[in-house]
**Q** 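Input: one structure, supplied below.
Atoms within a ligand are numbered from 1 in the order they appear, just like the ligands themselves. For clarity, every value in this text was computed on a predicted model and none was experimentally measured. Reckoned from all heavy atoms, side chains included, excluding hydrogens, waters and symmetry mates.
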Amino acid sequence: MAMDKRIYLCLAHMSESGMEQKYVKEAFDTNWVVPLGPNVNGFEKDLEDFVGQGKRVVALSSGTAAVHLALIGCGVQPGDEVLVQSFTFCASANPVTYLGAIPVFVDSEPGSWNKDPVLLEKAIVDRMEITGKKPKAIIPVALYGMPYDIHRIMEIANRYDIPVVEDAAEGFGSRVDGQVLGTFGRYGVLSFNGNKMITTSGGGALICPDEESWREVMFYATQAREAYPYYQHEHIGYNYRMSNVCAGIGRGQMTVLEDHIAHHHRMFELYSELLRSVEGITVHANPTDHYDSNFWLNTILLDPQLKVCGQESAYQHVVQGAVGGAGGVVHATAEAHTAHEPNANVEAMRVFLDAKGVEARPLWKPMHLQPVFKGCPAYVNGVSEALFKQGVCLPSGPCVSEEDAVYIVNAIKEAVL
Ligand SMILES: *Cc1c(COP(=O)(O)O)cnc(C)c1O
């Protein structure tokens, strides 16, 4: 088993019944090989049925596109400010800059690891005082699938009349008090990238509050064309609609969404149980009964005092390529260190697990510590920085078996001195 193969964090996993191929074949057979068609409509209908609350959904080419269009829907203009959770993947913040607006980063609370409502309100008041205008949107992020304190965030957002864009890209199927994330705010972002809860190979969706905003999002997603016999443009649009081929994969994946979520839950239970006896390691759990994380990635924290095999030589080598073999190109680096990096025991654990054929990854590095955002305002409390230094993501996807989880935990125990 485990040594012959690599165990990845979360790989795409098709249904046993092969429904994805059936829908994709239908797209070819009926010549709907375009970014619209029966699969796109069907997938959107499936998503609307799943999220409920009478929401409308637009299927898009990526989750990043969904963030971008949500911000346009909120009326974000050049020079505006948007309050983004700092502890996130860059795709929550990058679209703010696509619009010439400024991300203002807000740190996390220790329980959920997500946007701290107290800091959020402080940031709103402070930005209004400094700039004389209100931030245009608030973006909380369901990091690793864990819900944010949506009730308090909505209360604050409503009081200041600022729209909320929920980034539920990692939190598809997570719930607060039984309601699906992405349906509380004005907009909800979903991602179907290859590593997310379900995949369309690459894609995303925007959950919209009503018919009118749905039409507006659709307009901008399809090149912003006015109703004339010729191309007439009065706004700048985008080519962001999902392909009918990809949507076929999505329709098939919707048949196994609940199975995937149940699997990630099972992985959480296993890791919690198997690591309970290990001192200095804690598994990230729902901080309250009101939250129901999808446990997209299960994560652990290593106590800074914990000694891990090889930690004295951590960071001695410059990493070649992307950790975990992510696609695309990464810039080569001559430096083994940056100003902010995970503790040596975390890096040693990553290297140890890697040698055992297990992909592990540090937690996402907060945006307020990223050089590319160094000029942006940030409201910080030290929580995300501390978590970044101590955390490790563990394999959690449907390709990870229960046997694999046991193997992984044994490797973790072996690494601890
Ligand atoms: C993956 C992700 C996105 C973007 O989704 P893509 O489909 O990869 O563009 C946005 N926000 C977060 C937090 C994500 O993890």
**Q** Less than 3.5 Å apart, any donor N or O on the side chain of His284 or Thr299 sitting next to an acceptor on the other?
**A** no

**Q** For Arg6, is there an ion pair with Glu359 - N to carboxylate O distance below 4.0 angstrom?
**A** no

**Q** Provide, to 0.1 Å, the distance between atom 11 (N) of ligand 1 and the closest protein heavy atom, together with that atom's residue and name.
**A** Asp167 OD2, 2.7 Å

**Q** Does at least one non-hydrogen atom of Gly203 fall below 4.0 angstrom from an atom of ligand 1?
**A** yes

**Q** Which residue supplies the protein heavy atom nearest to atom 15 (O) of ligand 1, what is that atom called, and how far is it?
**A** Glu170 OE2, 2.5 Å

**Q** Ala91 heavy atoms, cut-off 4.0 Å: which ligand 1 atoms fall inside?
**A** 3 (C), 4 (C), 10 (C)

**Q** I'd like to check which ligand 1 atoms, numbered from 1 as shown, lie under 4.0 Å from a non-hydrogen atom of Val141.
**A** 13 (C)

**Q** Do the side chains of Lys22 and Glu26 get close enough for a salt bridge, i.e. N-O under 4.0 angstrom?
**A** yes

**Q** So which heavy atom in the protein is nearest atom 1 (C) of ligand 1, and how far is it from that ligand atom?
**A** Lys196 NZ, 1.5 Å

**Q** Please list all pairs passing the ring pair (Phe, Tyr, Trp, His ring centres under 6.0 Å) test where one or both residues lie in residues 371-392, with sequence neighbours left out.
**A** Phe105-Phe373

**Q** Taking atom types as modelled, find out whether Asn94 and Thr97 have a side-chain donor-acceptor pair closer than 3.5 angstrom.
**A** no

**Q** Considering the heavy atoms of Thr64, write down every atom of ligand 1 situated less than 4.0 Å from one of them.
**A** 4 (C), 5 (O), 6 (P), 9 (O)

**Q** On a heavy-atom basis, I'd like to know which of Pro95, Gly145, Ala93, Ala169 is closest to atom 3 (C) of ligand 1.
**A** Ala169

**Q** Please list all pairs passing the ring pair (Phe, Tyr, Trp, His ring centres under 6.0 Å) test where one or both residues lie in residues 29-48, with sequence neighbours left out.
**A** Phe43-Phe192

**Q** Which residue, Asp107, Asp167, Asn114, forms the side chain to side chain donor-acceptor pair (under 3.5 Å) with Gln85?
**A** Asn114

**Q** Is a donor from one side chain sitting under 3.5 angstrom from an acceptor on the other, for Ser86 and Lys115?
**A** no

**Q** Can you list the ligand 1 atoms lying under 4.0 Å from a non-hydrogen atom of Asn193?
**A** 8 (O)

**Q** Within the 4.0 Å heavy-atom shell around Thr88, which atoms of ligand 1 are there?
**A** 13 (C)

**Q** Quick one: nearest non-hydrogen protein atom to atom 5 (O) of ligand 1, plus distance?
**A** Ser191 OG, 3.3 Å

**Q** Is Ser92 near ligand 1, meaning one of its heavy atoms is under 4.0 Å from it?
**A** yes

